[in-house]
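The residues of the chain are indexed from 1 along the displayed sequence. All ligand and atom numbering here is 1-based and tracks the order in the structure.
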Amino acid sequence: MDSCIFCKIAKKEIPTEPVYEDEYTIAFNDLSPQAPVHVLVIPKKHYASLNELDDKEIMSALFGAVKNVVKKLGISEYRTVINTGESAGQTVFHLHIHILAGRPLKWPPG
Ligand code: 5GP
Ligand code: ZN
């Protein structure tokens, strides 16, 4: 998607320091961090949300990427979030997994 900001990050059209990267995924720091650690993991291929994701290889790669990110950051306690749809808080319509850590995180969320 030409206009998608995360596609631009995935294609390195916007300079980004990846926290982690492989063939299928890239992880980078959130622009507006909500915790001391706030990393986004995205598939390089555009999927508007989790609802559109139909490729098991990419599903597996995304979970693998999360595990690689937390290993790289040396953390074992963290929250993962996927907001799907506007009413669930999704604002960027390219699938992404939030990884949040570094402060106490309340449950249930707001
Ligand atoms: P959502 O609300 O869709 O679940 O999360 C979108 C996230 O993307 C937000 O936490 C927001 O701060 C982050 N974000 C939006 N635009 C950019 C950007 O251009 N670069 C980075 N690194 N993060 C972004
Ligand atoms: Zn995209």
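Against a heavy-atom cut-off of under 4.0 Å, Gly89 is close to the following atoms of ligand 1: 1 (P), 2 (O), 4 (O). Within ligand 1, counting atoms from 1 as listed, the ones closer than 4.0 Å to a heavy atom of His98 are 1 (P), 4 (O), 5 (O), 7 (C), 10 (O). Of all atoms in ligand 1, numbered sequentially from 1 with element shown, those under 4.0 Å from a heavy atom of Ile5 are 19 (O).
Residue-level proximity to ligand 1 for Phe28 is carried by the side chain, the only part with a heavy atom below 4.0 angstrom. Of the heavy atoms in Leu40, only side-chain atoms (C-beta onward) come closer than 4.0 Å to ligand 1. Here Asn83 has side-chain heavy atoms under 4.0 Å from ligand 1, and that is the only part of it that gets that close. No part of Gln34 comes within 4.0 Å of ligand 1, judged by heavy-atom distances.
Among all heavy-atom pairs drawn from His96 and Leu40, the shortest one is CD2-CD2, 4.1 Å.
Lys12 is linked by a salt bridge (charged side-chain N to carboxylate O under 4.0 Å, His left out) to Glu21, counting only residues two or more places apart in sequence or in another chain.
Between the side chains of Glu57 and Ser60, no donor-acceptor pair of N or O atoms lies under 3.5 Å.
Distances shorter than 4.0 angstrom do not occur between any heavy atom of Phe93 and any atom of ligand 1.
Looking only at protein N/O/S atoms, the ones less than 2.8 Å from the Zn ion (ligand 2) make 4 in total.
Residue, atom and distance of the protein heavy atom nearest to atom 9 (C) of ligand 1 are Asp30 OD2, 3.3 Å.
For the pair Gln90 and ligand 1, the shortest N or O to N or O distance does not fall below 3.5 Å.
The main-chain N or O of Val92 is never found under 3.5 Å from a side-chain atom of His94 such that the two would form a donor-acceptor pair.
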